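Notes follow once the structure below has been shown.
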Amino acid sequence: MTESALPVPGWAREVAASLGEGPHVVVTGISPSGHIHIGNLREVLVGEAVCRALRERGEEVRFIFHADTADPLRKIAPGVPKEYERYLGHPIAKIPDPAGEHESYAESFLAPFERALHAMGMEIDVLRSHELYEKGVYTEVTREALEHTEELRRIMNEVTGREMPEGWSPYVPRASSGKLTGNRFVRHLPDEHKVVFVTEEGREEVADYSKGEGKLGWRVELAARWKALGVTFEPFGKDHTSRGGSTDTADLMAREVFGYPVPGRYEYEWLQIRGLGAMSSSRGIVLLPGEMLEIMPPDALRLLVLGRDPSRALDVDVAAGFPRFMDEYRAAVGEPEVPFTHLALVAQTFGEDIGGAAEALRHSGYGAAAEDEGRLARDLYYARNWAERWAPEEQRFKMTGEVPGLASQLGEEERTYLGIVAERLGTEMDAEEIQETLYSAARELGIKPRRAFAALYAALLGRKSGPKAGPFIAGAGVEVVRERLRSVAGGEV
RNA sequence: GGGCCGGUAGCUCAGUGGUAGAGCAGGGGACUUUUAAUCCUCGUGUCGUAGGUUCGAUCCCUACCCGGCUCACCA
């Protein structure tokens with residue numbers, strides 16, 4: 001996979017133009033405490049587009065995805081066993097993966113996302129905050145924060161309008177119990193880069209912040225991270241940028257405490273799933289990058305997620321509206337013209353038979369789409385996956401598991417036809433022979449082909465029409481089809 | 001309440017300072033050894049409301065109305 005072939009969007013150029021001379025560090029990130037969905041991907045893609053715009057004008061750019069793996073677990077993701085409540089307040093990098101596949105809770109969500117980023121050809125450094133803390137990347141800024149505790153507290157109080165409690169500290173140490181929450185700060189030992197604190201149980205303990213035995217509180221961490229990583233640009237979702245929000249505190253902290261210029265910013269709006277509203281990891285309503293890459297190529301996903309303008313809310317529709325999106329995408333990037341709905345039909349009809357599909361496409365005037373069989377195979381893969389998983393019912397053609405109710409309405413004549421067809425079909429027949437068999441049998445019986453085929457669709461699909469019958473039956477398997485036709489012909493419905 | 005984003009043909013949306021477009025749906029027609037597909041043809045709607053800037057605004061500014069989302073550290 002290579003990087004995007006799409007042109008750099010205009011809005012990204014404008015953003016880049018507002019940033020000064022490089023070198024630049026563009027950072028995006030999220031706390032992997034639940035599924036990382038395409039809403040989160042929007043942030044990464046905004047960052048990527050700005051990176052590309054910067055590079056286009058010759059800047060040196062480092063692009064980072066900062067996974068907040070040191071964050072405490074606040075809520076248990078859907079599907080995670082209830083026993084995990086005992087890990088509430090523990091860093092998600094230190095909690096085991098419920099499925100036992102990955103090395104931690106955080107990693108179980110991060111790994112699939114990272115894989116998708118790489119599949120998209122993204123040139124991005126994926127950093128894990130717990131590793132940064134352990135390696136000492138944040139040691140200096142942590143010391144600085146601790147030395148300016150009162151100033152930071154003042155900013156927190158003023159901006160959020162809430163009084164930080166007694167024992168508040170910009171640094172959140174991890175107790176020997178594993179918990180980050182409930183600890184009260186006592187004092188800072190700058191020479192040893194340690195803090196002394198009292199645990200929930202009232203025990204006095206010590207944490208070494210040069211070794212990752214804790215983390216900065218979220219709002220302070222944001223500003224500290226800018227300085228520690230040299231960040232010059234970061235996109236934010238609108239939840240962070242409301243007044244009194246985390247960007248407000250971080251801006252002040254950066255300027256007044258860390259002496260670091262506030263990085264360039266871009267506010268993006270949220271993605272919604274058509275008909276379902278905003279994505280929500282905690283409600284399990286998400287679209288994942290990985291599953292999206294099974295129905296479209298990376299650049300299509302870029303377009304889908306970014307939309308025309310990421311500062312605007314966007315409804316993502318991967319069901320009924322998807323074919324049109326794909327048609328526009330294909331036209332935009334110069335892919336051979338063929339309606340996506342037609343590809344879906346052909347894909348469902350021919351299954352793995354790429355040659356047959358190519359033939360059918362040529363026949364219906366879409367020869368260009370069949371020219372490159374490698375590309376065609378890929379297109380059919382996307383179309384088939386879409387049809388099976390996301391398409392509206394009327395565009396799915398899959399043999400039902402049971403005899404459809406519609407079959408019971410078939411008349412005597414039609415049943416006879418189906419019975420004859422069942423006898424004549426042979427497992428060695430190819431799609432064309434099957435088609436011929438179906439057609440000639442109808443002729444012989446004096447049934448209008450239209451009715452004969454309708455009967456077939458009723459028996460196989462439970463609907464009045466369907467894809468071209470010969471290839472479809474070849475794809476579904478002659479044996480199962482014969483069995484079905486026999487039972488319908490025999491009146492077992 | 002603050003913030004952000006919308007309010008354009010039945011539906012979904014695009015659009016530009018100079019008197020508005022697409023897709024779908026719908027109507028009509030053509031073609032085809034079933035299906036699917038394809039082709040031709042038909043769209044005057046106060047561009048949310050009221051003001052303002054301008055020679056001229058749907059597109060710029062202001063106010064208001066309606067809707068969605070977001071502010072409890074889940075983009």
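We name chains A, B, ... by the order of the sequence lines, and we start the count at 1 in each one. These numbers come from a predicted model, not from an experiment. Computed from heavy atoms alone, side chains included, the values below leave out hydrogens, waters and symmetry copies.
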The side chain of [X] lies closest to which of these nucleotides: [options]?
X: D315(A); options: G6(B), C13(B), C71(B); result: C13(B)
X: R312(A); options: U38(B), C5(B), A75(B); result: C5(B)
X: Q272(A); options: C5(B), G68(B), A37(B); result: G68(B)
X: A313(A); options: C4(B), C5(B), U33(B); result: C5(B)
X: S242(A); options: C71(B), G15(B), A75(B); result: C71(B)

Charged N to carboxylate O below 4.0 Å: is that the case for R396(A) and E388(A)? no
Considering just the side-chain nitrogens and oxygens of R451(A), establish if one lies under 4.0 Å of OP1 or OP2 belonging to U35(B). no
Hey, is the side chain of R324(A) poking within less than 4.0 Å of OP1 or OP2 on C24(B), counting only N and O atoms?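 No, because none of the side-chain N or O atoms of R324(A) sits under 4.0 Å from OP1 or OP2 of C24(B).
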Using a 4.0 Å heavy-atom cut-off across all strands, classify [X] as base, sugar-phosphate, or nothing.
X: S311(A); result: sugar-phosphate
X: G245(A); result: nothing
X: R274(A); result: sugar-phosphate

Looking at E269(A) and U70(B), is any side-chain donor or acceptor paired with a base atom of the opposite kind under 3.5 Å?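 Side chain to base: no pair present.
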Tell me if the side-chain of K238(A) makes a donor-acceptor pair with the base of C69(B), cut-off 3.5 Å, by modelled atom types.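 Pair found.
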Which one is paired to [N], where only Watson-Crick or G-U wobble pairs with both distances under 3.5 angstrom count?
N: C64(B); answer: G48(B)
N: U35(B); answer: none
N: A75(B); answer: none

Hey, is W270(A) doing a stacking thing with A75(B), by the 5.5 Å centroid and 30° angle criteria?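 Whether judged by distance or by angle, W270(A) passes, so it stacks on the base of A75(B).
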